[in-house]
There are 2 protein chains.
Amino acid sequence: MSKVKSRTVFVPPQRETTPVGEQMATSGLRFTPQRRHVYQVLIGKRDHPTAEEVYLRAKHEMPEISLATVYNCLDVLVRCSLVKQVNLNRAAARFCPNMSQHSHFHCEDCGQIFDIDGESQSRRASTRLPRGFKLHQLEMSMRGLCPHCAAKQ
Amino acid sequence: MSKVKSRTVFVPPQRETTPVGEQMATSGLRFTPQRRHVYQVLIGKRDHPTAEEVYLRAKHEMPEISLATVYNCLDVLVRCSLVKQVNLNRAAARFCPNMSQHSHFHCEDCGQIFDIDGESQSRRASTRLPRGFKLHQLEMSMRGLCPHCAAKQ
DNA sequence: TTGAGACTTAGAATTATTCCAACTATTGAC
DNA sequence: GTCAATAGTTGGAATAATTCTAAGTCTCAA
């Protein structure tokens, strides 16, 4: 993953009362071993894996984990704002542990996804919204050529 | 559909040599009766239908059209930049004949999708892109509450 | 007129995701 | 601590959007 700037620092959770665990607990959810592991898998390699890829990586350390559980964990992590879900094409959803404000650049040639830092995107966007709309979340995605593929052509 | 401002004006194609038809022909594709009809269905009601919904609407005037053809037509229209494909959640893709620069606002309460005019979005976005990236297309989507649903709460 | 390539069609196949039912784990009230 | 209630996990089945396939039709250009 090409990352321009990072603000999210992962503190590995040791007990249920880590900041991450608390963020869940307030939603009435539990920070189970499976959920912690799925989260660590995402943090461990900061690309944009699909649920299937997360499943394969998670199985290395936790072979008995099921795909259904991985879907459940990802869903919970997204709902707790610990992970972003990225829907670029109609293909499988991808998951991104970078919670700083950023958008995604999808290279049409090599297929890679890049995080692009986008400061104050949502503030700018909401100033453009017609009166009455209440913005909760903004997602910006781009397609084109990454520097490497653009240079080749 | 709540439309703030529109720049796209539809000129109904009469012969194969309409502007719309030419836009296809240059790609080695044909502006067949099915493709024209699917396009007119989209233009006719400017909301954001799924492929299934387009299929149902198209069948009124052209009962023998198949779902596979509708998928083919939508794909071709998107590739010829006559229609935008909108992927909001993981649900069915939606199609939008508004080709002016705009983004989509998805109301979390009523589920409606609104076109929000966004002038010079892509110019601003590309100035934020790190050196070397070549932007072809930008998509911005928002979630939150539409004026009607926000007022209710 | 004919051959090549594009298009349409119905139905089958694919695939990401969700659902289900049985079982296990955790929490809070007593 | 015990126990009921609730939450989570698991494997497999089900779902639903989309793509593929094969056969037939249409269009264009030589």
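First the proteins, then the strands, lettered A, B, ... as listed; each starts at 1. Just so you know, these numbers use all the heavy atoms, side chains as well, and skip hydrogens, waters and symmetry mates. None of the values given here were measured: they were computed from a predicted structure.
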Handout entry: Residue pair Phe95(B) / Gln85(B), side-chain heavy-atom distance below 4.5 Å
Key = yes
Practice task
Note the angle between the end axes of the helix from dT1(C)-dA30(D) to dC30(C)-dG1(D), five pairs defining each, rounded to 10 degrees.
Solution key: 30°
Handout entry: Lys59(A) bridged to Glu64(A) by N-O distance under 4.0 Å
Key = no
Fill in the blank from the handout: Rounded to whole Å, CZ of Arg36(A) lies from C1' of dT9(D) at a distance of 16 Å
Practice task
Grab the CD-C1' distance between Gln34(B) and dT27(D) for me, whole Å please.
Solution key: 13 Å
Practice task
Would you classify Ala93(B) as touching base, sugar-phosphate or nothing, given that sugar-phosphate means primed atoms plus P, OP1 and OP2, and contacts are heavy atoms under 4.0 Å?
Solution key: sugar-phosphate
Problem - Phosphate-side-chain proximity, Thr32(B) and dC7(C), N/O vs OP1/OP2 below 4.0 Å - result: no
Handout entry: Contacts of Gln34(B) that satisfy side chain to side chain contact (heavy atoms under 4.5 Å, CB included) - sequence neighbours left out
Key = Thr32(B), Met62(B), Ile65(B), Thr69(B), Cys73(B)
Problem - Carboxylate-amine/guanidinium contact Asp109(A) Arg143(A), below 4.0 Å - result: no
Completion exercise
Expected list for residues 77-89 of chain B near DNA chain C, using heavy atoms below 4.0 Å, is none
Practice task
Please indicate whether His136(A) has more than 12 foreign heavy atoms, meaning atoms of other residues, nucleotides or ligands, lying under 6.0 Å from its NE2.
Solution key: yes
Practice task
Let me know the distance between CG of Asp75(B) and P of dC20(D), rounded to the nearest Å.
Solution key: 10 Å
Handout entry: Minimum side-chain heavy-atom gap Lys84(A)-Asn98(A) below 4.5 Å
Key = no
Handout entry: Phe114(B)-Phe133(A) aromatic ring centre distance below 6.0 Å
Key = yes
Handout entry: Heavy-atom side-chain proximity of Glu61(B) to Val41(B) below 4.5 angstrom
Key = no
Practice task
Looking only at side-chain atoms of Ala92(B), point me to the closest of dT8(C), dG8(D), dT18(D).
Solution key: dT18(D)
Handout entry: Minimum-distance nucleotide to Arg35(A) side chain [options: dA16(C), dT9(C), dT9(D)]
Key = dT9(D)
Fill in the blank from the handout: Atom CG of Leu74(B) and atom C1' of dT19(D) are separated, to the nearest Å, by 14 Å
Practice task
In whole angstrom, give the distance that lies between atom CD of Glu52(A) and atom P of dA16(C).
Solution key: 7 Å
Exercise for the section: Check whether any side-chain nitrogen or oxygen of Ser66(B) sits under 4.0 Å from OP1 or OP2 of dT9(C), and answer yes or no. Expected result: yes
Practice task
Report yes or no: does His102(A) contribute a side-chain atom to a donor-acceptor pair with the main-chain N or O of Ser100(A) at less than 3.5 Å?
Solution key: yes
Problem - Distance-only side-chain donor-acceptor flag, Arg94(A) / Asn87(A), under 3.5 Å - result: no
Practice task
Look at the side chain of His37(B) and the backbone N and O of Ala58(B), then say whether any donor-acceptor pair between them is shorter than 3.5 Å.
Solution key: yes
Problem - Euclidean distance, atom CG of residue Leu29(A) to atom C1' of dT27(C) [Å, nearest integer] - result: 14 Å
Practice task
Assert yes or no for the condition that the ring centre distance of His106(B) to His104(B) is strictly below 6.0 Å.
Solution key: no
Practice task
Answer yes when Asp47(B) and Arg57(B) have at least one side-chain N-carboxylate O distance shorter than 4.0 Å, and no when they do not.
Solution key: yes
Problem - Value in whole Å for how far the P atom of dA17(D) lies from CG of Leu56(B) - result: 12 Å
Between protein and nucleotides 14-16 of chain D, what N or O pairs are separated by less than 3.5 Å?
none

Practice task
Using the rule that two of Ile, Leu, Val, Met, Phe, Trp, Tyr join whenever any of their side-chain heavy atoms come within less than 4.5 Å, decide whether Leu135(B) and Leu145(A) are in one cluster.
Solution key: no
Handout entry: Expected output: side-chain Arg35(B) to main-chain Arg30(B) donor-acceptor under 3.5 Å
Key = yes
Completion exercise
Contact check, residues 58-65 of chain A vs DNA chain D, heavy-atom distance under 4.0 Å, returns Glu64(A), Ile65(A)
Exercise for the section: Produce a footprint string for nucleotides 19-26 of chain C: one letter per nucleotide, 5' end first; B if the base is under 4.0 Å from any protein heavy atom, S if only the sugar-phosphate is, - if neither. Expected result: B------B
Handout entry: Pairwise side-chain contact, Leu74(B) with Leu42(B), heavy-atom cut-off 4.5 Å (strictly under)
Key = yes
Practice task
Provide, to the nearest angstrom, the distance between the CD atom belonging to Glu53(A) and the C1' atom belonging to dT15(C).
Solution key: 14 Å
Exercise for the section: Report yes if the side chains of Phe105(B) and Ile113(B) come closer than 4.5 Å at any heavy-atom pair, otherwise no. Expected result: no
